[in-house]
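Please read the structure below before turning to the comments.
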Amino acid sequence: MVDFLSSLNPEQREAVLTTEGPLLIHAGAGSGKTRVIAHRTAYLIAEKKVPSWNILAVTFTNKAAQEMRLRVQKLLRDQQFSSTPWVLTFHSLCVRILRQDIEKLGQGYDRTFTIYDQDDSVRVVKNCIKDLGIDQKLLAPRPTLGAISAAKNRAQSSNLYAASADYLDERRAAISRVYELYESRLRDNNALDFDDLLLKTVRLLENSKEVREKYNHKFQYILVDEYQDTNPLQFRLIELLTQKQKNICVVGDEDQSIYKWRGADISNILNFESKFPGAKTIRLEQNYRSTQVILDAAGSVVGHNFQRKGKSLWTSNPRGERVRYHQAPSAEAEARFVAQCILDHRESQFDIRAAVLYRTNSQSRLFEEAMRRVGLSYNIVGGFSFYERREVRDITAYLKLALNPNDSVALQRVINSPPRGIGKSTIEILERRAKDAGVTLWEAISQLVEQPEGLGTRAVSALKQFRSLVKELRQISLAAAGADARHPLMLVSDVVKETIIRTGYDELLKLENTDEAIARLDNLQELVNAAVDYDDRGEEGLREFIDHAALVSDADDYKQDVPVTLMTAHSAKGLEFPLVFIVGLEQGIFPHSRSVGDEGELEEERRLAYVAMTRAEKYLYVTHATSRRIYGAELASEPSQFLNEMPLDLIEDFSPGNSWLSFARSSKQINYDSTERKKFTGKTYDNVASIQEFFNLRGVQMGQVKREGGLEAGNTGRSGQKSRLFGNEEPSAERATEFVPGSYVRHAKYGRGLVLRREGAGDSTKLTVSFPGYGQKKLIQKYAALERD
DNA sequence: TAAAGAAAGTTTTTT
DNA sequence: ACTTTCTTTA
């Protein structure tokens with residue numbers, strides 16, 4: 001045990017040893033936070049002899065929970081302990097509580113409730129808007145759900161929301177009606193959305209003394225990770241769980257608060273001491289992760305925030321190399337640069353782990369393609385996750401339906417998929433019947449089968465077929481749900497397999513036999529595999545498996561040893577990589593267009609940039625493209641202001657030719673000549689290969705100036721691989737004579753102008769050009785008689 | 001009812 | 001550009 005504490009610095013040790021009473025740990029990026037949490041938990045169990053079931057650790061993401069669970073397990077195993085405490089996300093904690101006690105809430109819910117993910121919720125909201133006869137243009141489903149979700153996260157019921165709506169605010173009034181209907185629909189379906197998981201748990205703990213005392217008794221020690229991201233509801237939950245004991249330890253970093261848009265309230269961390277009197281505060285400020293240069297660059301960016309207390313993060317790590325900068329002509333070239341760079345790094349260190357961080361998921365595609373092209377295996381976090389694939393969702397909807405046939409959303413999803421002859425008109429009749437009789441869709445099916453008013457025999461037999469399918473699935477599902485002990489217990493994986501076969505999915509896809517169908521079949525096989533894993537882990541039952549599928553939105557079980565991980569800056573929080581690329585550093589992308597102009601939101605973007613930069617241990621690359629396609633149109637894009645907020649002398653230019661950086665430097669009138677000449681790209685050209693590289697590099701620079709000319713030369717050499725690094729565009733003759741966004745043109749009447757936007761191709765190519773003194777003009781390239789300038 | 005064609009919206013970040 | 005959703009047609 002002594003040894004186990006000796007690996008910690010004094011502040012960390014204090015954080016581990018302070019087990020009693022409220023404790024706030026300000027943990028800067030890379031300050032060994034996870035280590036401290038793991039050690040603290042292990043210390044409680046091994047040294048303080050606290051039973052593991054009395055300890056609760058809460059995180060925001062499954063990834064973080066899993067990571068922490070592993071760390072604690074490992075430490076405890078070393079100490080010969082086998083049991084692990086609850087390490088859960090807020091949402092999964094609430095599911096556990098509600099699956100036990102939701103009936104005591106008295107809102108008509110029972111413990112077999114289903115969880116609606118965002119997609120399900122949007123569907124319900126959409127139907128509500130339609131059924132209320134509200135104009136879809138006034139109220140789009142997604143923003144409406146957003147408003148409802150925000151209200152829920154303020155613990156605002158539909159009544160309260162309606163009361164708070166201004167009589168003149170038509171939109172808000174409309175939303176409150178949707179909110180009310182939405183709530184009643186969820187209740188009818190015995191379903192909870194993501195926010196309800198928290199809200200209903202809070203209500204339950206508030207209203208039931210019995211339940212509150214039960215969990216207060218159970219959780220003697222509570223720990224909350226990423227505390228700066230808690231919203232009012234989550235805070236309330238913590239408050240309710242710590243009424244009896246005050247052994248509450250929270251860990252956070254205000255500089256890493258990046259979820260304000262989701263209702264996170266930074267005052268939770270700023271006012272912790274007043275909310276929990278007698279709280280002790282510990283600051284972890286030594287960074288063990290990154291080089292000094294990386295910390296300086298990141299600190300400089302976040303230092304531009306005004307709403308910041310400011311703290312000093314220091315490291316005893318080496319200074320390290322400068323941040324590397326690359327300007328690419330296009331988003332494709334940027335991706336190619338990154339892929340090639342990773343290959344180069346892996347040549348000198350074969351097992352280096354790299355991360356590519358982007359602002360929005362939509363940017364992932366190009367990087368996926370680039371990685372695939374150079375044969376780098378990669379892991380993609382978030383975005384279109386496995387459980388969001390249509391076929392996977394369909395099968396889970398069948399499973400949900402089997403456990404809860406009254407789940408109308410699941411029913412609507414699968415009633416005609418695979419196609420079984422229940423078309424739009426039949427569904428309409430079904431819906432009307434359900435409404436008239438005041439029953440669920442499932443019950444309405446039975447009614448219609450008995451009295452088929454206005455339905456053809458074909459439709460009736462299709463409905464019958466569907467009804468018996470669901471009943472059949474219900475039989476086998478209950479066996480696996482553990483709800484019926486008389487049945488021989490069935491494995492979850494068997495149920496999943498049976499469902500795929502009996503619904504006809506298997507047959508349909510096999511018959512189709514296209515590439516896409518095969519891929520879908522693979523996905524379903526993957527779902528079966530997930531279930532097999534689940535069975536192996538000895539987890540409880542089908543219900544829990546479905547909960548898991550609903551709450552695990554990204555492919556959380558991502559492999560650590562994959563060379564490249566692609567993800568958003570948000571999902572990178574808490575992770576670290578020796579080699580990090582932050583891409584798409586352009587105004588409107590990062591910072592995102594929705595936040596430029598709003599200083600508060602811009603500060604959040606800056607913190608996000610800070611989070612992204614501090615993921616890097618050794619090498620940090622920052623890249624941007626001067627032009628990229630957005631909604632099919634090519635747009636010129638400006639470098640991110642965050643680039644300019646880094647100390648330029650900490651940046652090394654890896655761009656071919658004249659880049660924004662060289663421009664920025666000259667305009668800042670800093671003299672880099674002495675250092676820059678000696679180390680042109682930070683490499684010394686002292687062997688044949690690198691001299692060749694140098695010339696290739698030069699070749700590309702020349703090529704940019706006179707594109708049509710012998711550009712190929714750089715690519716034909718054996719070391720052509722290297723020159724590809726610097727993203728010269730495919731040298732097609734067409735491309736070379738065209739005017740790309742970001743380039744300058746000369747017009748007979750308007751003079752010199754900057755190409756902003758390019759749409760269409762061939763003769764119909766349209767250009768938007770900005771001419772000083774004349775403004776923006778839209779020109780048809782064919783007729784405008786433009787010249788390069 | 002299903003398939004083919006047209007129109008519209010899409011991209012902020014997560015459970 | 002791309003995908004989803006609505007509309008028309010066989």
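- Once rounded to the nearest 0.5 Å, the distance linking CD of A/Glu645 with OG of A/Ser640 reads 7.5 Å.
- The distance from atom CG of A/Leu145 to atom P of B/dT14 is 16 Å, rounded to the nearest whole Å.
- Rounding to whole angstrom units, CD of residue A/Glu369 and P of C/dA1 are separated by 14 Å.
- Rounded to an integer number of Å, the gap from A/Gln234 CD to B/dT14 P is 15 Å.
- Between the CG atom of A/Asp193 and the P atom of B/dT14 there is a distance of 18 Å, given to the nearest Å.
- Under the salt bridge (charged side-chain N to carboxylate O under 4.0 Å, His left out) test applied with A/Arg413, the options A/Asp117, A/Asp394, A/Asp120 reduce to a single match, A/Asp394.
- Qualifying side chain to side chain donor-acceptor pair (under 3.5 Å) partners for A/Arg615, counting only residues two or more places apart in sequence or in other chains: A/Gln256.
- A/Tyr358 pairs by the side chain to side chain donor-acceptor pair (under 3.5 Å) definition with nothing, not counting sequence neighbours.
- For B/dT15, neither phosphate oxygen OP1 nor OP2 lies less than 4.0 angstrom from any side-chain nitrogen or oxygen of A/Ser92.
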Identify the pairs formed between an N or O of the protein and an N or O of nucleotides 4-12 of chain B at a distance under 3.5 Å, and give each distance.
unit_1, atom_1, unit_2, atom_2, d
B/dT12, OP1, A/Arg594, NH1, 3.2
B/dT12, OP2, A/His592, NE2, 3.4
B/dT12, OP2, A/Arg594, NH1, 3.4
B/dT12, O4', A/His592, NE2, 3.3
B/dT12, O2, A/Arg359, NH1, 2.9
B/dT12, O2, A/Arg359, NH2, 2.0

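- Contacts of A/Thr568 classified as side chain to side chain donor-acceptor pair (under 3.5 Å), with partners at least two apart in sequence or in another chain: A/Ser571.
- Looking at heavy-atom distances under 4.0 Å, A/Gln363 makes no contact with the nucleic acid at all.
- Within the cation-pi definition used here (under 6.0 Å to the ring centroid, within 45° of the axis), A/Arg123 does not qualify as a partner of A/Tyr116.
- A/Tyr610 pairs by the ring pair (Phe, Tyr, Trp, His ring centres under 6.0 Å) definition with nothing, not counting sequence neighbours.
- A/Glu391 meets the side chain to side chain contact (heavy atoms under 4.5 Å, CB included) test with A/Arg389, A/Tyr505, A/Arg520, A/Asn523, A/Leu524; sequence neighbours excluded.
- Nearest-nucleotide mapping onto DNA chain B: of A/Thr89 and A/Arg458, the residue sitting toward the 5' end is A/Arg458.
- A distance of about 16 Å separates the P atoms of B/dT13 and C/dT4, rounded to the whole Å.
- Considering only side-chain atoms of A/Thr568, the nucleotide from B/dT15, B/dT13, B/dA2 that sits closest is B/dT13.
- Remark: P of B/dT1 and CD of A/Glu428 are 10 Å apart, rounded to the nearest angstrom.
- Every side chain to side chain contact (heavy atoms under 4.5 Å, CB included) that A/Arg187 has, sequence neighbours left out, goes to A/Tyr109, A/Glu183.
- The same atom, C1', is picked in B/dT12 and in C/dT5; the two are 23 Å apart, to the nearest Å.
- Whole-Å rounding puts the A/Gln118 CD to B/dT15 C1' distance at 10 Å.
- One atom, CD1 of A/Ile115, and another, C1' of B/dT15, lie 10 Å apart when rounded to the nearest Å.
- Put simply, A/Ser571 has no side-chain N or O that comes within less than 4.0 Å of OP1 or OP2 on B/dT13.
- Between A/Asn416 and B/dA2 there is a side-chain N or O to OP1 or OP2 distance below 4.0 Å.
- Taking the side chain to side chain donor-acceptor pair (under 3.5 Å) definition, one finds that A/Arg607 meets it with A/Glu604, sequence neighbours left out.
- Among the atoms of the strands shown, none is found under 4.0 Å from any heavy atom of A/Phe90.
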Are there any protein N/O atoms within less than 3.5 Å of an N/O atom in nucleotides 5-8 of chain C, and if so, which ones and at what distance?
none

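- If you measure from atom CG of A/Leu237 to atom P of B/dT15, you get 18 Å, rounded to the nearest angstrom.
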